[in-house]
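Computation of the quantities below employed the complete heavy-atom set of this structure, encompassing side-chain atoms and omitting hydrogens, waters and symmetry-equivalent molecules. Just so we're clear, the structure is a prediction, and the values are computed from it rather than from any experiment. Chain letters run A, B, ... following the sequence lines, proteins first and then strands; every chain starts at 1.
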Amino acid sequence: MLQVNFLRQNRELAKAKLAIKHFGQLELVDAAIALDDERKQLQASFDDTQSKVNAASKEIGGLMAKGEKDKAEALKNEVAEWKKQLDPLKVKMAEVETSLHNTMVQFPNLPHDIVPVGKSPEENVLVKEAGAKPNLHKDAVPHWDLIKKYNLVDFETGAKITGSGFPLYIGKGAKFQRVLAQYFLDFNTAAGYTEYLPPFMVNETSAFATGQLPDKEGQMYHATADNFYLIPTAEVPVTNIFRDTILKESDLPIKMTAYSPCFRREAGSFGKEVRGLNRVHQFEKVEIIQIVPPEKSDDVLNEMVTHVENLLISLGLPYRILKLCGGDMGFASAITYDFEVYSAAQQMWLEVSSVSNFQAYQTYRMKCRYKDAEGKTQFTHSLNGSSLALPRIFAAIVENYQTETGIALPKVLQPYFGAENLV
RNA sequence: GGAGAGGUGGAUGAGUGGCUGAAAUCAGUAGUUUGCUAAACUGCCGUACGGGUUAAACUGUACCAAGGGUUCGAAUCCCUUCCUCUCCGCCA
């Protein structure tokens with residue numbers, strides 16, 4: 001969430017940056033500031049009156065103790081008059097605060113200075129492309145054929161149990177998922193990330209804090225009986241660990257990693273790009289999250305990008321890194337790099353990681369602060385990235401490592417899997 | 001799910017209607033002193049939103065799980081919800 005004081009001090013800059021994100025209601029900036037002005041005014045008169053009430057109440061206590069009942073009664077009447085003024089003020093103030101809040105939550109995060117202008121994925125900027133694309137044998141096929149051939153994943157039975165997009169992994173397919181998750185977690189903890197295993201459902205407050213609510217209400221599965229949301233990513237529960245906390249500077253940076261299943265309704269998705277494991281409602285992911293001092297977040301973003309890049313290199317997959325343009329970025333992000341791996345059999349790039357700096361957008365909502373060297377309390381910055389999302393890595397490895405007789409494994413995974421080949 | 005107890009500042013923990021934004025202890029922090037991996041003493045030590053200031057100082061309001069109520073006045077009384085603990089039930 002943006003801070004209204006920032007809008008007040010940077011009115012035109014904020015509008016310009018919101019435009020890069022293709023935010024259509026720039027007039028809300030002025031509306032928010034006007035509401036805040038009104039709020040301040042109301043608070044001033046409310047505080048003033050309340051102050052009189054408090055002082056008088058104290059005096060009444062003294063008078064009662066001295067037994068001066070008449071004077072006390074007279075004062076009580078005065079207080080009653082003031083309180084009549086107080087009630088409507090209170091109501092009005094709550095109204096204004098609510099509309100200010102409702103306005104503020106509509107603003108997406110402002111893009112970082114280096115975010116390219118653009119509207120659609122085609123305008124994302126290619127930062128780097130590396131890794132050799134494999135030369136597949138002539139009968140090579142996409143993963144949806146391979147998983148059937150080798151009985152690794154069964155979509156039909158998953159659909160019978162739950163619905164489409166809920167894959168059932170079988171045998172070596174299931175084991176491969178476990179192996180990938182473990183390898184990723186080990187890779188992350190070796191880089192100093194602490195491993196967490198969080199709850200897979202969160203309450204409304206947590207979903208709001210990381211920005212899933214109100215923006216992505218329809219994208220999450222909602223357990224209405226208890227008003228819990230199934231997490232769309234481990235980012236939500238893990239980032240919320242530090243909701244409503246004031247950290248010490250020495251606590252930072254906080255580096256966390258977590259495995260979790262992710263549940264996404266993906267309402268409105270269809271077509272060829274959602275085939276097989278490319279897009280599913282339930283998938284596994286290992287996430288990395290950092291909470292850092294504001295002045296460090298640019299460097300840390302680069303560090304995280306390099307980290308994910310090294311992980312992909314270790315898997316021997318051809319990859320590319322894209323810097324997302326303003327129109328393709330997430331609601332809460334200030335800058336995002338997407339990682340895609342090349343699926344040789346589909347002849348398509350598959351997004352496997354998205355690394356973002358949220359700056360203070362999440363931490364302001366969450367009230368995650370720290371005391372800096374001068375003892376001033378300020379908001380931390382939060383960043384996160386996938387490291388990595390499993391199904392598309394699964395798909396890419398299965399496709400790129402397929403041979404005429406089976407499916408090989410990247411070297412780093414062989415000791416984890418206990419074999420040189422997947423099948 | 002049933003019965004009971006409870007939720008106070010970073011921690012422990014006092015406080016059952018006004019003198020409590022909240023004792024005390026510990027932790028933290030700044031300093032003094034003696035000096036050897038440290039001790040003693042002294043000061044400071046919650047957050048949010050306002051006013052004020054170049055910045056401070058200073059100052060108003062709110063917050064003792066959350067929300068509502070009673071009262072001139074609530075951490076303290078009442079109601080609802082959430083959470084924790086103990087016992088019982090159920091159970092991976």
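- Comparing the C1' positions of B:A5 and B:U47 gives a spacing of 30 Å, expressed to the nearest Å.
- Searching all strands for a Watson-Crick or G-U wobble partner of B:C49 with both distances below 3.5 Å returns B:G60.
- The salt bridge (Lys or Arg N to Asp or Glu O under 4.0 Å) search around A:Lys84 returns A:Glu81, not counting sequence neighbours.
- For residues 169-196 of chain A, there are no salt bridge (charged side-chain N to carboxylate O under 4.0 Å, His left out) pairs, not counting sequence neighbours.
- The number of heavy-atom neighbours closer than 6.0 Å to CD of A:Glu420, taken from other residues, nucleotides and ligands shown, is 12 or below.
- A distance of about 23 Å separates the P atoms of B:G9 and B:U61, rounded to the whole Å.
- Only the P atoms considered, B:A11 is 15 Å distant from B:G28, to the nearest whole Å.
- Nucleic acid contact for A:Asn54: sugar-phosphate only, since backbone atoms but no base atoms lie under 4.0 Å from a heavy atom of the residue.
- Remark: B:A14 base-pairs with no nucleotide in the shown strands. Criterion, Watson-Crick or G-U wobble with two distances under 3.5 Å.
- Only A:Ile246, listed by number, bring a heavy atom of residues 238-246 of chain A to less than 4.0 angstrom from any atom of RNA chain B.
- Relative ring orientation between A:Tyr221 and A:Phe166 is described as tilted, the plane-to-plane angle lying within the 30° to 60° band.
- Judged as a salt bridge (charged side-chain N to carboxylate O under 4.0 Å, His left out), not a single pair has a partner in residues 52-61 of chain A (not counting sequence neighbours).
- Of the charged side-chain nitrogens involved, none lies within less than 4.0 Å of a carboxylate oxygen, so that A:Lys40 and A:Asp37 do not count as a salt-bridged pair.
- Residue contacts for A:Leu75: at a heavy-atom cut-off of 4.0 Å it reaches no nucleic acid atom on any strand shown.
- With both pairing distances under 3.5 Å, B:U70 is matched to nothing as a Watson-Crick or G-U wobble pair.
- Between A:Phe228 and A:Ala56, the residue whose closest nucleotide on RNA chain B is further toward the 5' end is A:Ala56.
- By the side chain to side chain contact (heavy atoms under 4.5 Å, CB included) test, A:Tyr364 is found to be paired with A:Met1, A:Gln3, A:Phe379, residues two or more places apart in sequence or in another chain being considered.
- Rounded to whole Å, the C1' atom of B:U54 lies 48 Å from the corresponding atom of B:C36.
- Nucleotides B:A75 and B:G21 place their P atoms 8 Å apart, quoted to the nearest Å.
- For the C1' atom pair drawn from B:A74 and B:A55, the interatomic distance equals 38 Å after rounding to whole Å.
- Here B:G31 sits opposite B:C41 as a Watson-Crick or G-U wobble pair (both hydrogen-bonding atom distances under 3.5 Å).
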Point to revise | Full working for ring pair (Phe, Tyr, Trp, His ring centres under 6.0 Å) between A:Phe208 and A:His101 | key: CA-CA 13 Å; A:Phe208 178 81; A:His101 181 259; 5.7 Å; yes

Cut-off 3.5 Å, no hydrogens considered: what does the side-chain donor-acceptor table look like for residues 61-70 of chain A, sequence neighbours left out?
residue : atom : partner : partner atom : Å
A:Glu68 : OE1  : A:Lys71 : NZ           : 3.4

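- Applying the salt bridge (charged side-chain N to carboxylate O under 4.0 Å, His left out) test to every pair with at least one member in residues 26-35 of chain A, sequence neighbours left out, gives these pairs: A:Arg11-A:Asp30, A:Lys15-A:Asp30.
- Across all strands shown, B:C90 forms no Watson-Crick or G-U wobble pair with both key distances under 3.5 Å.
- Every side chain to side chain contact (heavy atoms under 4.5 Å, CB included) that A:Asp145 has, sequence neighbours left out, goes to A:Val141, A:Pro142.
- Comparing B:A22 with B:C45, their C1' atoms sit 15 Å apart, to the nearest whole Å.
- Nearest-nucleotide positions on RNA chain B for A:Lys40 and A:Asp48 put A:Lys40 closer to the 5' end.
- Note on A:Lys90: nothing from the nucleic acid sits closer than 4.0 angstrom, heavy atoms only.
- Nucleic acid contact for A:Gln43: base, since at least one base atom lies under 4.0 Å from a heavy atom of the residue.
- Nucleic acid contact for A:Lys83: sugar-phosphate only, since backbone atoms but no base atoms lie under 4.0 Å from a heavy atom of the residue.
- The separation of B:G17 from B:C77, taken at their P atoms, amounts to 8 Å, rounded to a whole angstrom.
- Using the Watson-Crick or G-U wobble rule with both distances under 3.5 Å, B:G21 pairs with nothing in any strand shown.
- If you check B:U54 for Watson-Crick or wobble pairing at under 3.5 angstrom, you find it has no partner at all.
- Of all nucleotides in RNA chain B, those with any atom nearer than 4.0 Å to a heavy atom of chain A start and finish, going 5' to 3', at B:G18 to B:G73.
- With both pairing distances under 3.5 Å, B:G4 is matched to B:C85 as a Watson-Crick or G-U wobble pair.
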